[in-house]
Amino acid sequence: MSATHTPPAAADNFAADHPPFDLDVCIVGTGRVGLPLGLSFLEAGVAVTGVDVDAALREAVNTGRMPFHEPGYEALIASRRFVVHADPAVVARARAIVITVGTPLHNHIETDLRQIQRVLESVAPHLRRGHLVCLRSTVAPGTTHFVERWLHRHTDFKVGRDLLLAFCPERIAEGKAYEEIRSLPQIVGAEDAESQEAAAVLFGRLAPEIMRTNFVSAELVKLFNNIARYVHFALANQFALIADTHGANIHEIRHMANHHYPRNHIAAPGLTAGTCLRKDFGMINEWSPYPDLLLSAWKMNEYIPAFLVQHLRQRTPLQDRRVAMLGYSFKADTDDVRDSLAPKLYRYLERETPLEIRVSDGNLADPTPAESGTAPLRNWPLDEALAEVDCVFVATNHREYGPALQRLALTRPHAWVADIWNVGGIDQIFYQAGALLR
Ligand SMILES: NC(=O)c1ccc[n+]([C@@H]2O[C@H](COP(=O)([O-])OP(=O)(O)OC[C@H]3O[C@@H](n4cnc5c(N)ncnc54)[C@H](O)[C@@H]3O)[C@@H](O)[C@H]2O)c1
């Protein structure tokens with residue numbers, strides 16, 4: 001496609017010629033990253049608006065409700081001063097366009113860039129001379145260069161002459177956006193001084209510190225942050241398996257290894273996945289043909305659901321038994337199920353042909369959202385899920401599960417528990433509920 005606007009005079013210094021933008025920022029894609037960012041800009045006194053293709057999300061935000069769990073923004077969203085539009089033409093009013101759409105993986109080891117491509121197509125006709133375009137979605141190395149090429153191919157604007165372009169990754173953890181947007185250093189990647197300065201000024205409205213670099217290094221900062229965590233947790237999971245092989249207790253070993261020892265910190269085992277950690281490793285591997293450490297980490301983390309099912313089955317049969325699965329989202333105290341390993345655990349449990357599998361997750365609606373090939377499931381109230389149950393799998397470490405297992409211990413002391421998160425607090429992965437009373 002080709003934009004319809006008139007090209008600016010070449011070699012003009014556009015920095016000296018600001019068009020009359022009446023907004024500072026337009027966030028394109030106001031999901032779990034874009035909405036907290038927009039609300040934080042609002043709180044910082046930035047004139048900000050949003051664009052999103054999701055009508056239900058727009059309806060929620062524009063009537064003062066958070067469409068998902070992200071604490072800290074209650075008053076800001078209720079003020080209705082952050083408005084999300086359907087029409088991308090609104091970007092023409094804002095000096096900066098921040099793109100925060102999703103970047104999932106295809107089924108191959110390949111980033112699905114369709115959301116970014118559609119944003120570029122929808123925004124291009126409304127681009128104006130002097131616009132700053134900030135890509136903030138997590139992307140594979142080289143993607144911001146692709147955006148630059150796309151703009152040169154499909155518009156009459158040139159980056160560094162008519163448009164400014166930067167990659168400024170989002171590094172918040174879900175559930176902590178309100179604090180972290182204000183406290184984390186912001187990385188600004190750009191290839192020309194004016195783009196870098198404009199993006200630094202913009203994110204300087206929020207962040208205590210700005211670190212400047214080029215496109216690819218900024219892309220890699222984000223990926224390395226996430227992949228380091230993914231590998232760190234894979235190592236913790238591998239240690240849990242090794243300890244189990246030797247009949248040893250990973251929690252006890254971990255406690256002693258970490259206690260007053262200054263040189264490393266071994267993480268707790270768990271179901272490690274989620275929309276960022278799992279997919280971001282794929283973005284790196286897209287560009288590497290060799291088997292490597294990252295693929296091993298992937299295999300390790302992906303194996304944990306099978307490990308839990310196999311090892312509980314060694315202790316008690318699962319066939320024809322009543323099984324509860326506590327937690328369905330990918331991590332504690334979130335309502336996000338994207339790339340969660342819990343649906344995979346559910347499917348492995350189904351293969352054991354139990355009488356019933358009762359899924360319970362108080363952070364989610366009933367039925368649960370469909371995820372990775374598993375249809376919506378009945379979401380049981382916690383105590384109903386545990387009534388008359390034979391086995392319990394703790395798939396997510398939501399805070400209410402420790403007390404719930406204590407109640408189970410009183411009513412069903414012989415029920416078996418697979419508790420990789422140690423929510424029972426007795427430093428064992430597999431135990432009978434009665435052990436919680438000792
Ligand atoms: N969720 C996190 O905690 C987190 C943290 C850091 C980085 N990231 C990265 O940020 C990016 C966004 O993630 P997210 O969790 O916010 O995803 P999300 O799916 O919650 O939000 C993306 C939003 O973009 C909208 N959208 C899609 N196409 C659009 C279009 N053409 N025009 C306008 N809006 C469009 C969607 O409707 C959705 O509301 C991803 O690259 C992700 O990896 C996410």
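Counting starts at 1 for both ligands and their atoms, following the listed order. Just so it is clear, the values below take in all heavy atoms, side chains as well, and ignore hydrogens, waters and symmetry mates. It should be emphasised that the depicted structure is a prediction, and the values quoted were computed from it without experimental measurement.
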Trainee: Is there any N or O on Thr103 that sits under 3.5 Å from an N or O of ligand 1?
Mentor: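 Indeed, backbone or side chain, Thr103 has an N or O that close.
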
Trainee: Among protein heavy atoms, which lies nearest atom 27 (C) of ligand 1, and at what distance?
Mentor: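 Atom 27 (C) of ligand 1 sits closest to the protein heavy atom Gln115 OE1, 3.1 Å.
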
Trainee: Could you identify the single nearest non-hydrogen protein atom to atom 24 (O) of ligand 1 and state the distance to 0.1 Å?
Mentor: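 Here the nearest protein heavy atom works out to Gly29 CA, 3.3 Å.
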
Trainee: State if Ser122 counts as touching ligand 1 under the rule of any non-hydrogen atom under 4.0 Å.
Mentor: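 Judged by the 4.0 Å heavy-atom criterion, Ser122 does not count as contacting ligand 1.
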
Trainee: Tell me whether the count of non-hydrogen atoms from other residues, nucleotides or ligands lying under 6.0 Å of CH2 in Trp421 goes above 12.
Mentor: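 Counting other residues, nucleotides and ligands, CH2 of Trp421 exceeds 12 neighbours.
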
Trainee: Report yes or no: is the cationic atom of Arg278 (NZ for Lys, CZ for Arg) closer than 6.0 Å to the six-membered ring centre of Phe281, at no more than 45° off its axis?
Mentor: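 Pair Arg278/Phe281 does not count as cation-pi.
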
Trainee: I'd like to know whether Phe430 forms a ring pair (Phe, Tyr, Trp, His ring centres under 6.0 Å) with Phe307, so could you lay out the CA-CA distance, the side-chain angles of the two residues, the decisive distance to 0.1 Å, and finally the verdict.
Mentor: CA-CA 11 Å; Phe430 303 101; Phe307 163 76; 5.8 Å; yes

Trainee: Just by modelled atom types, is the Leu377 backbone N or O under 3.5 Å from a matching donor or acceptor in the Thr368 side chain?
Mentor: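 Looks like yes, one N/O pair under 3.5 Å.
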
Trainee: If you have a sec, work out which protein heavy atom is nearest atom 31 (N) of ligand 1 and how many Å separate them, to one decimal?
Mentor: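 Looking only at protein heavy atoms, the one closest to atom 31 (N) of ligand 1 is Val119 CG2, 3.6 Å.
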
Trainee: Tell me the nearest of Val101, Val28, Val84 to atom 35 (C) of ligand 1, using heavy-atom distances.
Mentor: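 Ranked by closest heavy atom to atom 35 (C) of ligand 1, first place is Val101.
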
Trainee: For Leu326, which of Leu382, Asp419, Thr396 qualifies under side-chain contact (heavy atoms from CB on, under 4.5 Å)?
Mentor: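 For Leu326, the side-chain contact (heavy atoms from CB on, under 4.5 Å) check succeeds only for Leu382.
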
Trainee: Within 45 degrees of the ring normal and closer than 6.0 Å to the centroid, is that where the cationic atom of Arg254 sits relative to Phe239?
Mentor: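 The answer is no; the distance or angle limit is not met.
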
Trainee: Is there any N or O on Arg136 that sits under 3.5 Å from an N or O of ligand 1?
Mentor: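 No.
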
Trainee: Could you see which bit of Leu57 sits under 4.0 Å from ligand 1, with heavy atoms only: side chain, backbone, both or neither?
Mentor: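 The answer is the side chain.
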
Trainee: If you measure only the distance, is there a donor-acceptor pair under 3.5 Å linking the side chains of Thr143 and Glu219?
Mentor: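 There is no such pair (donor and acceptor under 3.5 Å, judged by atom type) between the side chains of Thr143 and Glu219.
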
Trainee: Which bit of Ala177 is near ligand 1, meaning a heavy atom under 4.0 Å away: side chain, backbone, both or neither?
Mentor: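 Neither; no heavy atom under 4.0 Å.
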
Trainee: Run the numbers for me: atoms of ligand 1, each under 4.0 Å from some heavy atom of Ile172, listed by number.
Mentor: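 Taking each heavy atom of Ile172 in turn, ligand 1 has 5 (C) under 4.0 Å.
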
Trainee: Counting non-hydrogen protein atoms only, what is the nearest one to atom 20 (O) of ligand 1? Give residue, atom name and distance.
Mentor: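 Sorting protein heavy atoms by distance from atom 20 (O) of ligand 1 puts Arg32 N, 3.0 Å first.
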
Trainee: Closer than 4.0 Å to some heavy atom of Gly102 - which atoms of ligand 1 meet that?
Mentor: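 Listed by number with element, the hits are 22 (C).
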
Trainee: Is there any N or O on Glu174 that sits under 3.5 Å from an N or O of ligand 1?
Mentor: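 Yes; at least one N/O pair falls below 3.5 Å.
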
Trainee: Indicate, with yes or no, if the rings of His255 and His251 have centres closer together than 6.0 Å.
Mentor: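 Not under 6.0 Å, so no.
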
Trainee: For Asp244 and His311, test the side chains for any donor-to-acceptor distance below 3.5 angstrom and give the result as yes or no.
Mentor: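 Yes, because at least one side-chain N or O of Asp244 sits under 3.5 Å from a partner of the opposite role on His311.
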
Trainee: Check each atom of ligand 1 against the heavy atoms of Lys222 and keep those under 4.0 Å away; list them by number with element.
Mentor: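 Every atom of ligand 1 under 4.0 Å from some heavy atom of Lys222: 6 (C), 7 (C).
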
Trainee: Nearest non-hydrogen atom to atom 15 (O) of ligand 1 belongs to which of Arg118, Lys279, Arg338?
Mentor: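 It is Arg338 that holds the nearest heavy atom.
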
Trainee: For Gly270, does its backbone N or O pair with a side-chain atom of Asn237 as donor and acceptor, under 3.5 Å?
Mentor: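 Confirmed, Asn237 side chain pairs with Gly270 backbone.
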
Trainee: Is it the side chain, the backbone, both or neither of Arg171 that has a heavy atom closer than 4.0 Å to ligand 1?
Mentor: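 Answer for Arg171: neither.
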
Trainee: Tell me, which protein residue and heavy-atom name are nearest atom 8 (N) of ligand 1, and how many Å apart are they?
Mentor: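 Answer, as residue, atom name and distance: Val33 CG2, 3.5 Å.
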
Trainee: Regarding Thr374 and Arg347, is there a side-chain donor-to-acceptor distance under 3.5 Å anywhere?
Mentor: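 Side-chain D/A pair, Thr374 to Arg347: present.
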
Trainee: Check ligand 1 against Ser137 and write out every atom of the ligand that is under 4.0 Å from a heavy-atom position of the residue.
Mentor: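 Those qualifying, in numeric order: 11 (C), 41 (O).
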
Trainee: Can you tell me the protein heavy atom closest to atom 21 (O) of ligand 1 and the distance?
Mentor: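 Protein heavy atom with the smallest distance to atom 21 (O) of ligand 1: Gly31 CA, 3.2 Å.
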
Trainee: Testing His69, Glu70, Glu174 for side chain to side chain donor-acceptor pair (under 3.5 Å) with Thr334, which one passes?
Mentor: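 When side chain to side chain donor-acceptor pair (under 3.5 Å) is applied between Thr334 and each of His69, Glu70, Glu174, only Glu174 qualifies.
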
Trainee: Heavy-atom distance to atom 30 (C) of ligand 1: which of Val53, Thr138, Thr100 wins?
Mentor: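 Shortest heavy-atom distance from atom 30 (C) of ligand 1: Val53.
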
Trainee: Ignoring angles and geometry beyond distance, decide whether Asp52 reaches within less than 3.5 Å of ligand 1 through its nitrogen or oxygen atoms.
Mentor: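 Indeed, backbone or side chain, Asp52 has an N or O that close.
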
